[in-house]
Amino acid sequence: MLIFPNAIRSFVALVFSGVASAGSYTVSVILPPSGFTGVNMSCINNSGQTAGYGVNGTGFAQAFIGSPSGSVTIPFPTGWATAQSSAINNSGQITGFVSPADLSKPFIGATSGSVTIPLPAGWILAIGLAINSSGQVAGWGSGFTTQAFIGNTSSSTAIPFPAGSNFTEGYGINDSGQVTGYAGIAATTQAFIGTAAGSAVIPLPGGWSSSAGDAINSSGQVAGYGFTGSTYQAFLVTASGSTVIPLPPGAVEAQVARGSLNDSGSVVGYSDAGGWIWSAAAGTQLLNTLVPVGWNIQTAYSISQNGLILAAGSFDGAPGQYVVLTPAVATTPAPAAGFLALAGTLLLLTWRLLFHRAARRDRGDPA
């Protein structure tokens, strides 16, 4: 019988203790700043930071950056005492809006301070809903009608209406400055892609009566959802056309939110069966099947470029909390390379052990 010495047994244990199922996640709770109530969080960046806001100890809404390691409040822009956040980029900049509601203005903020974004000419209010890596903000506002815009700390521009539309709202922006959202066309809405130079609606998938775009990645892919005539379902638009994302197992309907798409083409969302993730390779999976036992992931809001997911979930029936789902490190090598290399290494170690024992016996040394 082959018996491994302690060193080999330890090596085997070390290798196999790191093996993780592809697509599995660990769960980390995000705690809001002390004393905050009515907390909301949306969007997540590569550092696991989220855009959040809640009612602070003085009774005013205030923005903060949340993470499992702690949450930090964002100073109000000068002259404002109420602020709500909507999105965050990888530099830790957030956007949202300051209020009162009838005079709301978009802003860009960080832990070091915040400034408002100028409104397009003739507008009376606007809100920021998405921010890209260069600090461009997309959202919507109003002069005489609701319209999407793109802006930064120095200026803003209204995005032209798609042909035939009478209003637009912007919900997502990529690093090229492309904006997605939805446009009013006759008695329905359709997702659109636009820039400061122009815009166009995205054709509805067959049989759908409406749609809205919520996120856009660097390839110009758009994730959104629409009404199929009887229920809501998510979709992904690529250069080759629209892909209807299959419903999660057991779900009747599914939707997505801002920040729900990354550059790898992965989409997260929520449904009546729970939070889910979709990719072209793995299809639609309920996140409850990919997290530790005891967790119930009701909603998935946003996914970062490196695969972190902002979600809402509860553990063992406790009240729901905002959480970050972190992909487990997939240390399982491909069978043709890594696993065979491991087997070869163990075989070599075992052969050397037996060889040295045989040599000791030939010399008459103790075993």
Heavy-atom closest pair, residues [X] and [Y]:
X: T231; Y: V252; answer: OG1-O, 3.2 Å
X: A254; Y: Y225; answer: O-CB, 4.3 Å
X: G265; Y: L236; answer: O-CD2, 4.3 Å
X: F149; Y: G141; answer: CD2-N, 4.4 Å
X: L310; Y: C43; answer: CD2-N, 3.5 Å
X: N306; Y: P327; answer: O-CG, 4.3 Å

Tell me whether [X] shares a hydrophobic cluster with [Y], the cluster being built from Ile, Leu, Val, Met, Phe, Trp, Tyr side chains joined at under 4.5 Å.
X: I44; Y: I108; answer: no
X: F315; Y: L31; answer: yes
X: Y270; Y: L286; answer: no
X: V244; Y: F227; answer: no
X: V268; Y: V237; answer: no

Under the 3.5 angstrom rule, does the side chain of [X] hit a backbone N or O of [Y] as a donor-acceptor pair?
X: Q233; Y: I245; value: yes
X: T284; Y: W278; value: no
X: S260; Y: V267; value: no
X: S104; Y: L125; value: no
X: W208; Y: T228; value: no
X: T82; Y: A61; value: no
X: S47; Y: Q49; value: no
X: N45; Y: N89; value: yes

Quick one: [atom1] on [X] to [atom2] on [Y], what's the gap to the nearest 0.5 Å?
X: T157; Y: I150; atom1: OG1; atom2: CD1; result: 7.5 Å
X: T168; Y: I159; atom1: OG1; atom2: CD1; result: 7.0 Å
X: I297; Y: L325; atom1: CD1; atom2: CG; result: 5.0 Å
X: W140; Y: T145; atom1: CH2; atom2: OG1; result: 10.5 Å
X: L129; Y: S42; atom1: CG; atom2: OG; result: 8.5 Å
X: S155; Y: I117; atom1: OG; atom2: CD1; result: 10.0 Å

Do the non-hydrogen side-chain atoms of [X] and [Y] ever get within less than 4.5 Å of each other?
X: P68; Y: I30; answer: yes
X: Q147; Y: F161; answer: yes
X: W295; Y: V323; answer: yes
X: L308; Y: N46; answer: no
X: L290; Y: W276; answer: no

| Run the side-chain contact (heavy atoms from CB on, under 4.5 Å) check on T111 and I74 step by step: do they pass? | CA-CA 5 Å; T111 55; I74 301 296; 4.2 Å; yes
Mind listing the side-chain donor-acceptor pairs of residues 186-201 below 3.5 Å, one per line with the distance, residues two or more places apart or on another chain?
{"from": "T188", "atom 1": "OG1", "to": "S209", "atom 2": "O", "distance (Å)": "2.5"}
{"from": "T189", "atom 1": "OG1", "to": "S211", "atom 2": "O", "distance (Å)": "3.3"}
{"from": "Q190", "atom 1": "NE2", "to": "I202", "atom 2": "O", "distance (Å)": "3.1"}
{"from": "T195", "atom 1": "OG1", "to": "A197", "atom 2": "N", "distance (Å)": "3.1"}
{"from": "S199", "atom 1": "OG", "to": "P160", "atom 2": "O", "distance (Å)": "2.5"}

| task | Please report the C-alpha distance between V98 and F76 in whole Å, then the side-chain angles of each, then the deciding distance to 0.1 Å, and finally whether the side-chain contact (heavy atoms from CB on, under 4.5 Å) criterion is met. | result | CA-CA 8 Å; V98 291; F76 294 109; 5.8 Å; no
Listed pairs under 3.5 Å, donor-acceptor, residues 214-223 side chains, sequence neighbours left out:
{"from": "N217", "atom 1": "OD1", "to": "S219", "atom 2": "N", "distance (Å)": "3.1"}
{"from": "N217", "atom 1": "OD1", "to": "G220", "atom 2": "N", "distance (Å)": "3.3"}
{"from": "N217", "atom 1": "OD1", "to": "Q221", "atom 2": "N", "distance (Å)": "2.9"}
{"from": "N217", "atom 1": "ND2", "to": "Q221", "atom 2": "OE1", "distance (Å)": "2.7"}
{"from": "N217", "atom 1": "ND2", "to": "N262", "atom 2": "O", "distance (Å)": "3.1"}
{"from": "S218", "atom 1": "OG", "to": "D263", "atom 2": "OD1", "distance (Å)": "3.1"}
{"from": "S218", "atom 1": "OG", "to": "D263", "atom 2": "OD2", "distance (Å)": "3.1"}

| task | Compute the centroid of each ring, for F107 and then for W80, and state whether the two points are separated by less than 6.0 Å. | result |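 Between W80 and F107, which both carry aromatic rings, the centre distance is not below 6.0 Å.
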| message | side-chain contact (heavy atoms from CB on, under 4.5 Å), that's the test. Do T73 and F36 meet it? Break it down for me. | response | CA-CA 10 Å; T73 56; F36 271 52; 3.7 Å; yes
| said: For a quick check under 3.5 Å, do S67 and S69 share a side-chain donor-acceptor pair by atom type? | reply: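 There is such a pair between these side chains.
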| query | Can you list the steps and then say if I94 with I131 is a side-chain contact (heavy atoms from CB on, under 4.5 Å)? | reply | CA-CA 7 Å; I94 66 166; I131 184 169; over 6 Å; no
